[in-house]
Every structure is written in C-alpha cells, then in structure tokens.
Amino acid sequence: MEPLSSPLLTKTTMISPTPALSIAPAQVIRGVDRLAEAGEAIAAFGSRPVIVGGDRTLKLIQPHLQPIIETHQLKANWANYTPDCSESSLEKLQQICADHQGDLVIGVGGGKSLDIAKLLAYRTRVPIITIPTSGATCAAWTALSNIYTNEGAFLYDVGLAKCPDLLILDYSLIQTAPQRTLIAGIGDAIAKWYEASVSSGHSEETLIVAAVQQARVLRDILFQKSVAALSEPGSQTWREVVDATVLLAGAIGGLGGAQCRTVAAHAVHNGLTHLCATHKTLHGEKVAYGILVQLRLEEMLQGNQLAASARGQLLKFYSDIRLPQTLADLGLGNITLAQLRHGAEIACGEKSDIHRLPFKVCPESLMAAMVSTTVPVGAIKS
C-alpha cells in the first residue's frame with residue numbers, strides 16, 4: 001500500500017476538479033395521458049406549488065392539474081409570466097413565490113415559460129417540474145435559461161445548477177398544440193448537428209464525441225421521420241419525433257455542454273429577436289433559417305462544398321415540412337438595410353457564439369449570407 005506521503009497520491013490530489021455535469025432530468029415520465037397519472041410524483045416534491053405559464057397555457061393546463069391539486073391537497077398559486085421571460089418578470093415571480101411560501105415550481109408551456117420557471121426555481125432554491133405543452137424546444141430538459149427584454153429581444157443565457165427534477169412529457173397534451181410548434185422544434189433540434197459538428201467535431205473528449213455523434217443521429221431521425229410524423233399526428237412516428245425534439249436534443253446539450261449547444265444558427269436567432277417584425281415567428285423557425293445562414297457563410301468564406309451540399313439538402317427538407325428559408329419567410333420581406341445591419345451587428349457581438357466558427361465573421365459577411373440563403377448550390381461567392 002502506498003504511504004500517505006506518496007508522490008503519486010500528492011500528484012493526484014493536485015489535479016483540478018472537472019466541472020459538474022448537468023446532463024439530464026432526475027426523472028422523466030412520458031406517454032399518452034401520463035400527466036393524469038403523475039399526481040404522486042408531483043406531490044412528492046412539495047405541497048405549495050407555484051405553477052408558471054402564459055395566459056393561454058395556464059387555462060389549457062388547469063383542467064389537467066386541478067384534479068391532482070385537489071386529490072393531494074396541494075395549495076397552488078397560478079402565476080402568469082409577463083411581459084416576457086425577462087428579469088422584471090422574474091422579480092415579480094420571485095415575490096409571488098415568497099408571498100405564497102412556495103416549495104415547488106411547476107413550469108408549463110413552451111420554451112420561455114419553462115426557461116423562466118427553471119430560473120425561478122434555481123433562484124428560490126426549490127424543486128422544478130417541467131411540463132411542455134408542445135414539441136417546439138428542448139427547454140423542458142436542459143439546465144439553461146435564456147433571458148430576454150420585456151419586448152422579446154434576446155439578452156443572455158444563464159447556466160443552472162441542475163436539470164429539472166421531473167419532466168412530464170404527455171403526448172396527449174403535446175398533440176393539442178398547433179402543428180407549427182413541432183415543425184419549429186424540428187428546426188431547433190436539427191441545428192444541433194450543424195452547430196456541434198463545426199464547434200466540436202474535432203474534439204477527442206469522450207462526452208463531446210458522444211454528443212456530436214448523437215447530434216448526427218438526431219439529424220438522421222428527423223430527416224427520415226418528420227414528413228411522416230407531421231402527416232399523422234399522434235402516431236408512433238409522431239411520438240418518436242417529439243422524443244427527438246424535446247428529449248434527445250436536450251440530452252445532446254447536456255452531454256456536450258456549451259461547446260455543442262450553439263454556433264451561428266442560434267447567434268442569428270439572437271440577432272433577429274432584436275427586430276420587432278420577427279416576434280411573431282417561433283424560436284425554432286429563426287434557428288432553422290440561421291442554419292442556412294451558417295452554411296452559406298461556410299460556402300462564401302471557406303469555399304466549403306460540403307456546406308453547399310448540406311444547404312441544398314436542407315432547402316428541400318424545409319420545403320417538405322414548411323420551415324422558413326428566407327428573410328421574407330420570417331416576415332422580413334421589407335427589411336431595411338439599417339435593420340438588417342442592426343441584427344447582424346448583434347449576432348456578431350463580442351461574446352456571440354458565432355465566433356465558434358473556425359473563421360472570422362463580420363457584420364458585412366453575415367448580411368451577405370442572410371440575403372442569399374436560397375441561391376443555387378455552387379454559387380460560392382456572394
């Protein structure tokens with residue numbers, strides 16, 4: 001046995017600790033009509049929940065949650081997050097939670113509802129349960145919240161200490177959402193491959209390699225199953241696509257962390273949120289367009305023929321499932337040059353994830369890519 005003063009032991013104890021990992025929710029309940037059966041699981045986390053969502057979502061979810069509240073004698077407070085997933089909304093929710101003596105946060109709805117609910121739970125140090133009502137994002141899974149202005153312009157993201165304590169994925173509930181939300185979720189999820197392969201495809205770290213390869217699998221699943229899924233909501237194939245957009249996309253972010261999470265596609269999304277005309281489009285719709293912009297940048301600035309081929313493949317896929325391909329598709333057909341530059345400058349900001357690309361991108365180059373997402377494949381120069 002080595003003595004306590006062993007150089008080997010001393011050397012080992014001097015190694016700096018690796019960062020803590022937040023890979024997945026502690027528990028995932030999924031299936032048809034599973035929310036109705038989840039009362040005991042919910043009540044195990046607290047007796048005074050604060051239920052966070054938007055107006056329409058709270059009305060939608062109340063008939064599903066009220067029987068659970070009554071059966072388990074919970075004291076619930078229904079809290080609307082307004083005007084957006086912003087710091088001022090968060091302050092109001094923290095006061096509501098304090099006044100109610102809340103010991104549990106339940107987030108219901110889409111990405112912004114779930115993001116602000118997760119951040120509320122993090123700041124008030126109580127458990128968090130997420131119940132997505134659409135397949136539009138992987139926010140129900142992740143240890144991350146995005147913060148916006150009251151007007152809906154992206155500001156920054158916040159890494160959280162852990163993923164949710166419980167995620168309830170009820171396919172029956174998801175199916176009530178407009179089909180457009182799942183299409184947007186497909187756009188958001190498929191970006192994982194195009195961003196992770198660029199930012200982390202060269203990595204030799206085990207978990208990052210796994211995340212990148214899972215992003216490729218996710219892309220292939222969506223290519224193969226999305227059209228069939230959208231044509232038959234509620235089918236087994238549809239459920240598999242929902243699993244891909246909500247669960248697998250989240251798992252990739254958990255394994256790979258920030259290095260696999262976002263590059264140019266999400267940076268373009270962030271810049272576009274500062275243009276009011278895009279606020280009627282969904283997160284995943286802007287991200288999907290951002291993938292085309294990223295590939296166009298690779299074509300223009302690197303002469304990358306693989307990027308050109310990938311863009312051609314995506315354009316056909318987007319046509320098949322009705323994802324936006326151009327600024328006009330995002331409601332920006334009449335955008336001015338000044339507005340376009342404003343969005344591009346934000347997307348190219350000093351701390352932007354666009355700088356994870358292996359080449360320098362300036363606002364002028366980005367603007368050129370943004371207006372040429374549908375040029376014929378092979379037109380390398382702008």
Side-chain angles (χ1 to χ4, degrees), residues 83-87 110-112 115 136-137 144-158 180 183-184 187-188 190-191 194-195 198-199 258 261-302 307 311 314-315 318 323-375 381-382:
D84 208 287
C85 182
S86 63
E87 284 288 355
K112 288 187 176 181
D115 275 2
T137 74
L144 183 77
S145 292
N146 292 324
I147 298 298
Y148 298 78
T149 67
N150 287 338
E151 294 72 37
F154 175 84
L155 291 177
Y156 55 89
D157 57 42
V158 179
R180 179 187 175 191
I183 295 172
D188 190 34
I190 207 168
Y194 298 94
E195 295 189 298
V198 169
S199 67
R261 192 174 294 127
T262 62
V263 187
H266 277 79
V268 168
H269 160 275
N270 296 343
L272 289 173
T273 64
H274 289 257
L275 306 179
C276 293
T278 68
H279 289 178
K280 293 182 180 180
T281 58
L282 302 177
H283 171 85
E285 293 173 334
K286 291 189 277 285
V287 171
Y289 163 78
I291 303 171
L292 299 177
V293 174
Q294 176 177 311
L295 293 171
R296 185 68 181 129
L297 285 169
E298 294 177 64
E299 291 177 71
M300 292 166 50
L301 302 182
Q302 286 188 310
R311 184 171 61 86
L314 277 181
L315 287 171
Y318 284 15
L323 276 171
Q325 303 178 27
T326 65
L327 287 168
D329 293 339
L330 294 172
L332 296 173
N334 297 317
I335 189 174
T336 67
L337 186 62
Q339 290 171 328
L340 183 63
R341 174 173 285 277
H342 178 59
E345 287 178 344
I346 290 172
C348 291
E350 182 181 353
K351 296 182 179 180
S352 171
D353 291 330
I354 203 169
H355 302 305
R356 296 185 190 275
L357 288 170
F359 48 84
K360 182 176 176 60
V361 179
C362 64
E364 290 76 16
S365 297
L366 182 57
M367 290 167 67
M370 292 174 75
V371 298
S372 62
T373 49
T374 58
V375 297
K381 298 299 182 181
S382 61

Roughly how far, to the nearest 0.5 Å, is [atom2] of [Y] from [atom1] of [X]?
{"X": "S199", "Y": "H355", "atom1": "OG", "atom2": "NE2", "value": "14.5 Å"}
{"X": "T137", "Y": "D188", "atom1": "OG1", "atom2": "CG", "value": "6.5 Å"}
{"X": "F154", "Y": "I147", "atom1": "CZ", "atom2": "CD1", "value": "9.0 Å"}
{"X": "T373", "Y": "Q325", "atom1": "OG1", "atom2": "CD", "value": "7.5 Å"}

Please name all residues satisfying side-chain hydrogen bond (donor to acceptor under 3.5 Å, both in side chains) with [X], sequence neighbours left out, ordered by chain then number.
{"X": "T326", "value": "D329"}
{"X": "E285", "value": "R180"}
{"X": "E87", "value": "R123, Y156"}

Looking only at non-hydrogen atoms, find the nearest pair between [X] and [Y] and report the distance.
{"X": "A347", "Y": "A267", "value": "CB-O, 3.4 Å"}
{"X": "L323", "Y": "G187", "value": "CD1-CA, 3.8 Å"}
{"X": "S86", "Y": "N150", "value": "OG-OD1, 2.6 Å"}
{"X": "M370", "Y": "A344", "value": "SD-CB, 4.4 Å"}
{"X": "S372", "Y": "A368", "value": "OG-O, 2.7 Å"}
{"X": "A191", "Y": "V287", "value": "CB-CG1, 3.6 Å"}

Please identify each residue that fulfils side chain to side chain contact (heavy atoms under 4.5 Å, CB included) with [X], with sequence neighbours left out.
{"X": "D84", "result": "K112, Y148"}
{"X": "D115", "result": "C85, K118, A139, S145, N146"}
{"X": "V361", "result": "L297, L301, C348, I354, L357, F359, L366"}

Open item on the list: L327 vs Y289, test: side-chain contact (heavy atoms from CB on, under 4.5 Å). Steps then yes/no.
Closed with: CA-CA 8 Å; L327 287 168; Y289 163 78; 3.3 Å; yes

Task: Inter- and intrachain pairs under salt bridge (Lys or Arg N to Asp or Glu O under 4.0 Å), touching residues 262-276, at least two apart - done: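 Every candidate salt bridge (Lys or Arg N to Asp or Glu O under 4.0 Å) pair involving residues 262-276 fails, so no pair, neighbours aside, qualifies.
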
Open item on the list: Filter on salt bridge (Lys or Arg N to Asp or Glu O under 4.0 Å), then keep only pairs touching residues 351-372, sequence neighbours left out; what's left?
Closed with: R341-E364, D353-R356

Could you give the side-chain donor-acceptor pairs of residues 275-282 under 3.5 Å, partners two or more places apart or in another chain?
residue : atom : partner : partner atom : Å
T278    : OG1  : L272    : O            : 2.7
T278    : OG1  : L275    : O            : 2.9
H279    : ND1  : E151    : O            : 3.1
H279    : NE2  : T273    : O            : 2.6
T281    : OG1  : T278    : O            : 2.5
T281    : OG1  : K286    : NZ           : 3.2

TODO: State, with a plain yes or no, whether a side-chain heavy atom of L314 is found less than 4.5 Å away from one of I190.
DONE: yes

Task: ring-ring contact (aromatic ring centres under 6.0 Å, His included) involving H283 - partner list, sequence neighbours excluded - done: H266, H269

